[in-house]
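This report refers to the structure that appears directly beneath it.
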Protein chains: 2
Amino acid sequence: MPYDPSAFPPFAVTVDLVVLTVRRHALCALAVRRGEPPFQGRWALPGGFVRADEDLAQAAARELAEETGLRTHNPAVPAQDNGAHLEQLATYGDPKRDPRMRVVSVAHLALAPDLPAPRAGGDASNARWAAVEELLQQGGYGRDGEPVAPLAFDHAQILSDGVERARSKIEYSSLATAFCPTEFTVGELRRVYEAVWGVALDPRNFHRKVTGTPGFLVPTGGTTTRQGGRPAQLFRAGGATLLNPPMLRPEV
Amino acid sequence: MPYDPSAFPPFAVTVDLVVLTVRRHALCALAVRRGEPPFQGRWALPGGFVRADEDLAQAAARELAEETGLRTHNPAVPAQDNGAHLEQLATYGDPKRDPRMRVVSVAHLALAPDLPAPRAGGDASNARWAAVEELLQQGGYGRDGEPVAPLAFDHAQILSDGVERARSKIEYSSLATAFCPTEFTVGELRRVYEAVWGVALDPRNFHRKVTGTPGFLVPTGGTTTRQGGRPAQLFRAGGATLLNPPMLRPEV
DNA sequence: GTGTTTATCGTCAGGCAGACGACTATGATC
DNA sequence: GATCATAGTCGTCTGCCTGACGATAAACAC
């Protein structure tokens with residue numbers, strides 16, 4: 001027994017993605033250039049319509065795969081593969097957020113290691129990793145001196161919310177490992193925290209903390225010198241998802 | 001320039017509400033009885049369609065007012081009034097969650113003090129406060145011996161997510177005061193924590209903790225004996241929204 | 001007055017975090 | 001190959017917070 005369609009207003013439902021990674025000590029987000037109005041030529045978050053037979057999480061995973069080639073791993077399964085972490089962020093439904101029609105966007109947050117190069121449907125020039133700081137500054141000039149236009153729609157707000165979610169969530173969960181390759185060193189993990197929080201952490205206290213938290217890190221036995229200096233132990237993410245006690249973000 | 005409506009599937013968008021309060025030392029949620037199919041006669045969370053010109057938060061606030069008469073206070077303004085706290089929870093969009101058609105529900109979480117009596121559009125017999133524990137148990141028997149039917153749709157999942165959000169959020173924010181009247185005692189606040197977490201807390205350590213956290217509580221100067229025993233100081237919620245250090249939920 | 005209830009203050013030991021010294025093992029440079 | 005720079009790892013110390021719990025205070029019921 002379908003509803004009388006006149007009994008409620010019809011909406012378009014989309015998923016938008018905040019895809020974060022850490023590159024060159026900076027927190028970066030995936031941005032795509034819009035090829036059509038509105039906001040033609042401006043940068044935006046990747047996203048698209050939810051299909052008729054699709055769950056929201058499925059739609060987000062599909063969009064993520066289309067834009068980056070990344071698989072999503074099931075949160076119930078420990079992070080063994082190189083898949084990205086994906087979770088729902090929030091939903092944005094201001095009646096005027098899209099000038100064309102009523103669109104409700106279910107934003108998702110994805111965290112990925114540095115490996116992948118962007119590929120927006122095969123067209124790399126229309127997708128890039130940009131420093132979050134750069135994407136969020138209003139009307140300034142980017143690192144290359146070009147003027148920076150604000151993100152399309154309410155995507156600056158969405159990106160800001162996603163970054164805040166990531167910043168707080170790595171405090172009390174093992175999510176920071178989602179930014180790292182399968183095997184990583186304590187120093188690499190520390191640089192993730194430093195990039196996401198934008199602070200400097202004491203390497204000695206950090207090492208004590210993460211190696212002392214049960215279930216956070218599992219040593220693989222191997223070592224690496226890819227960061228220079230003394231060889232460092234390699235670790236994989238442990239089974240723990242919630243850190244107790246949590247990592248403490250230094251005061252500002 | 002409107003979209004071609006055939007370019008995307010149309011959705012109905014609703015808001016559903018998880019309205020929590022603490023009554024008689026138990027965490028309770030507002031439930032309404034469904035008057036029509038599907039799930040006719042079953043209990044469900046209050047909610048309704050988002051109107052064409054309405055923001056999601058507006059729709060949630062409107063539904064909350066319709067069901068409880070509660071005003072919502074702006075999170076930017078300190079909680080001076082008796083308004084409820086309202087925040088977006090998560091969005092549920094499984095294609096089969098409503099058998100009639102494709103409905104995406106943006107669930108919201110509301111926290112309210114004990115005062116209000118339910119009034120589902122004027123019909124009190126179709127709305128009630130029920131212990132969360134009772135609403136979430138599958139196929140058991142309630143306190144009154146009546147058999148308990150599970151909540152309609154995916155509302156058990158939504159309620160469960162809302163409760164979990166509340167449980168974790170009172171750890172690191174001053175949100176527990178949203179369950180209290182404007183003026184309250186340390187003991188009353190402690191009983192809120194005990195009801196939400198389902199644990200017993202040491203009154204002495206709790207008192208030291210909350211009175212020692214800057215910005216959490218502001219003494220009003222008054223006292224009360226409404227709980228019996230020695231008169232207790234009255235407090236209002238302070239300006240702080242984030243607690244640092246957080247309240248610690250005891251291990252299970 | 002005695003007992004009960006609730007609020008509030010104090011004490012003490014254990015644990016964790018921040019600050020920081022010291023040592024180790026690599027690659028780079030001369 | 002000696003020296004330097006870099007990064008990793010182990011310890012120490014001190015202060016703060018927490019949990020456990022004793023003791024006191026101020027109301028009410030009888």
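Please read these numbers as outputs of a predicted model, since none were measured by experiment. Labels below follow one simple rule: chain letters A, B, ... track the order of the sequence lines, proteins then strands, and each chain is numbered from 1.
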- request: Assess B/Arg24 against B/Trp129: is NZ or CZ under 6.0 Å from the centre of the six-membered ring, and within 45 degrees of the ring's axis?
  value: no

Closest heavy-atom pair and its distance - B/Ala240, B/Phe216: CB-N, 4.2 Å

message: Check this for me, if you would: do B/Glu164 and B/Arg249 make a salt bridge, where the nitrogen-to-carboxylate-oxygen distance has to be below 4.0 angstrom?
response: yes

message: If you take any heavy atom closer than 4.0 Å to DNA chain C, which residues from residues 197-209 of chain A end up in contact?
response: A/Asp202, A/Arg204, A/Asn205, A/Arg208, A/Lys209

- prompt: To the nearest Å, how far apart are B/Gln233 CD and D/dA26 C1'?
  reply: 13 Å

query: Judged by modelled atom types alone, do B/Tyr92 and B/Asp161 share a side-chain donor-acceptor pair under 3.5 Å?
result: yes

message: Using 0.5 Å steps for rounding, measure from the CD atom of A/Glu183 to the CG atom of A/Leu234.
response: 5.0 Å

field: Residues which pass ring-ring contact (aromatic ring centres under 6.0 Å, His included) with A/His155, listed by chain and number, not counting sequence neighbours
entry: A/Phe153

task: Please list, in 5' to 3' order, the outermost nucleotides of DNA chain C lying under 4.0 Å from any heavy atom of chain B.
output: C/dT5 to C/dT11

Salt bridge (Lys or Arg N to Asp or Glu O under 4.0 Å): pairs with one or both residues in residues 205-234 of chain B, sequence neighbours excluded: B/Glu188-B/Arg226

- prompt: Do you know which two heavy atoms are closest between A/Leu86 and A/Thr72, and how far apart they sit?
  reply: CB-CG2, 3.6 Å

message: So if I take every side-chain heavy atom of B/Pro245 and compare against D/dT9, D/dA25, D/dC17, which nucleotide ends up nearest?
response: D/dC17

Which pairs would a plain distance check flag for residues 195-203 of chain B, meaning a side-chain donor or acceptor within less than 3.5 Å of a matching protein atom at least two apart in sequence or in another chain?
{"residue": "B/Trp197", "atom": "NE1", "partner": "B/Arg167", "partner atom": "O", "Å": "2.8"}
{"residue": "B/Asp202", "atom": "OD1", "partner": "B/Arg204", "partner atom": "N", "Å": "2.8"}
{"residue": "B/Asp202", "atom": "OD1", "partner": "B/Arg204", "partner atom": "NE", "Å": "3.4"}
{"residue": "B/Asp202", "atom": "OD1", "partner": "B/Asn205", "partner atom": "N", "Å": "3.0"}
{"residue": "B/Asp202", "atom": "OD2", "partner": "B/Arg204", "partner atom": "NH2", "Å": "3.1"}

message: Please report the distance, rounded to the nearest Å, between CZ in A/Arg230 and C1' in D/dA7.
response: 9 Å

query: Between A/Glu171 and A/Arg165, is there a salt bridge with N-O shorter than 4.0 Å?
result: no

task: Residues of residues 216-229 of chain B with any non-hydrogen atom less than 4.0 angstrom from an atom of DNA chain C: list those, numerically ordered, please.
output: B/Gln227, B/Gly228, B/Gly229

- prompt: What integer distance in Å separates A/Asn244:CG from D/dT18:C1'?
  reply: 13 Å

message: Can you confirm if the aromatic rings of A/Phe235 and A/Phe184 lie within a centre distance of less than 6.0 Å?
response: no

- line: Comparing nearest nucleotides in DNA chain C, the 5'-proximal residue of the pair B/Arg190, A/Arg249 is B/Arg190

